[in-house]
Amino acid sequence: ISRTSSRGTGSGTSAGSRASGDWSNWAQCDSRWGSVTLDPSNQTICRVGCLTTSLAILMAKSGTHLTVNNFSPATIARTVKYDYNGNMYWSGWESVAPNWKLVSDTGSGVNGLGVGKKAKAQKIKSLLDQGCMLTVTVKPGEGHWVAVDYVIGDEVFIVDPANVNNRNLFSSYNVNN
């Protein structure tokens with residue numbers, strides 16, 4: 001799980017007003033950015049860009065101050081650094097979103113949030129209520145990331161860059177335990 005915050009407004013453009021389309025339907029294989037390469041790897045956003053897309057979704061959702069126009073997952077891909085396998089380094093977006101800060105990276109994914117669906121939903125809701133924007137890994141070992149949208153009761157709603165029809169964390173992925 002990664003917590004980011006976009007506190008601080010600054011002057012200029014906000015992500016929500018400069019996003020390329022409806023962020024809640026952004027997919028990593030979208031024809032507008034799916035073929036963008038995550039340099040220096042030969043990987044593309046479509047192939048391994050779930051975290052890149054999730055971060056772009058959360059930045060657009062938050063309305064954070066941006067230094068660019070036409071914001072999309074391609075903006076993140078062209079700004080942050082990756083390794084030769086396409087894994088993202090947790091920095092680099094500061095030039096695009098100067099108020100966007102990494103608060104924590106637990107590295108444990110949804111399974112590190114407690115035991116059971118209710119405990120996990122409560123922990124996620126608590127973090128959202130603190131103003132955090134959350135990306136969570138839902139396939140430990142495989143590294144698939146989704147953006148958390150909101151929580152109602154024991155249900156956690158997500159935006160899944162690999163499948164925009166996956167909207168419920170617990171019914172889409174085996175992370176109930």
Side-chain angles (χ1 to χ4, degrees), residues 1-6 15-16 18-30 32-38 41 43-64 66 68 71-83 85-94 96-97 99-113 120-121 123-125 127-128 131-151 156-173 175:
I1 187 166
S2 295
R3 301 184 308 165
T4 53
S5 173
S6 62
R18 294 296 184 173
S20 296
D22 177 10
W23 58 263
S24 68
N25 289 309
W26 281 358
Q28 65 192 74
C29 290
D30 189 296
R32 295 172 288 177
W33 50 73
S35 63
V36 172
T37 303
L38 309 178
S41 77
Q43 301 291 348
T44 63
I45 292 176
C46 184
R47 180 144 167 80
V48 299
C50 54
L51 179 57
T52 299
T53 307
S54 290
L55 287 174
I57 287 166
L58 293 175
M59 286 181 186
K61 177 184 175 187
S62 75
T64 193
L66 297 174
V68 299
F71 180 78
S72 73
T75 310
I76 300 299
R78 292 180 179 122
T79 305
V80 302
K81 304 294 182 210
Y82 299 88
D83 68 14
N85 295 312
N87 297 307
M88 180 189 289
Y89 293 113
W90 286 99
S91 65
W93 56 71
E94 297 86 356
V96 172
N99 297 321
W100 194 262
K101 306 292 180 213
L102 179 65
V103 177
S104 175
D105 177 13
T106 66
S108 58
V110 175
N111 292 328
L113 294 175
K120 290 174 183 177
K123 178 65 174 176
I124 290 170
K125 182 165 184 348
L127 291 167
L128 292 174
C132 296
M133 307 300 283
L134 303 173
T135 57
V136 294
T137 182
V138 294
K139 293 182 180 179
E142 296 178 45
H144 180 59
W145 294 82
V146 300
V148 174
D149 195 5
Y150 60 94
V151 177
V156 177
F157 295 89
I158 60 173
V159 181
D160 186 343
N163 183 343
V164 296
N165 294 317
N166 287 347
R167 295 295 185 181
N168 185 298
L169 177 65
F170 298 119
S171 63
S172 299
Y173 295 99
V175 292

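All heavy atoms count here, side chains included; hydrogens, waters and symmetry mates do not. This chain uses plain numbering: 1 for the first residue, then up along the sequence.
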Any chance you could lay out the side chain to side chain contact (heavy atoms under 4.5 Å, CB included) test for V146 and H144, step after step, and finish with the verdict?
CA-CA 7 Å; V146 300; H144 180 59; 3.8 Å; yes

When you look at N166 and Y173, which way does the side chain to side chain contact (heavy atoms under 4.5 Å, CB included) test go after all the steps?
CA-CA 9 Å; N166 287 347; Y173 295 99; 3.5 Å; yes

Please report the shortest heavy-atom distance between W33 and I45, naming the atom on each side.
O-CD1, 3.5 Å

Residues in side-chain hydrogen bond (donor to acceptor under 3.5 Å, both in side chains) with N25, at least two apart?
D22, R167

Roughly how far apart are L38 CG and Y82 OH, rounded to 0.5 Å?
4.5 Å

Identify the heavy atoms of G86 and V48 that sit nearest to each other, and give their distance.
O-CG2, 4.2 Å

Close side-chain approach of M88 to L55, heavy-atom, < 4.5 Å
yes

Side chain to side chain contact (heavy atoms under 4.5 Å, CB included) assessment of W23 paired with V159
CA-CA 9 Å; W23 58 263; V159 181; 4.1 Å; yes

Enter the distance from I158:CD1 to S172:OG here, rounded to the nearest 0.5 Å.
4.5 Å

Might you work through the side chain to side chain contact (heavy atoms under 4.5 Å, CB included) test for S72 and T75, ending with a clear yes or no?
CA-CA 5 Å; S72 73; T75 310; 4.0 Å; yes

What closest approach, in Å, do V175 and K120 show between heavy atoms, and which atom pair accounts for it?
O-NZ, 2.7 Å

Kindly indicate whether the side chain of V136, heavy atoms from C-beta on, has any atom under 4.5 Å from the side chain of V148.
yes

Does some side-chain heavy atom of Q43 sit less than 4.5 Å from a side-chain heavy atom of T37?
no

Closest contact, heavy atoms only, F170 versus V156:
CE1-CG2, 3.6 Å

Approximate separation, where rounding is to 0.5 Å, of L58 CG and T64 OG1:
11.5 Å

Using every non-hydrogen atom in the two residues, find where A60 and W26 come nearest and quote the distance to one decimal.
CB-CH2, 4.0 Å

Heavy atoms only: give me the nearest V151-A121 pair and the separation to one decimal.
CG1-O, 4.0 Å

Rounded to the nearest 0.5 Å, how far does CG of D149 lie from CE of M133?
8.0 Å

Quick check for you: to the nearest 0.5 Å, what is the distance between K81 atom NZ and N87 atom CG?
16.0 Å

Within-4.5 Å side-chain heavy-atom neighbours: D83 and Y89
yes

Does any non-hydrogen side-chain atom of W100 lie less than 4.5 Å from one of E94?
no

Would you call the rings of F157 and Y150 parallel, tilted or perpendicular if under 30° counts as parallel and over 60° as perpendicular?
parallel

Atom CG in L134, atom OG in S54: separation rounded to 0.5 Å?
11.0 Å

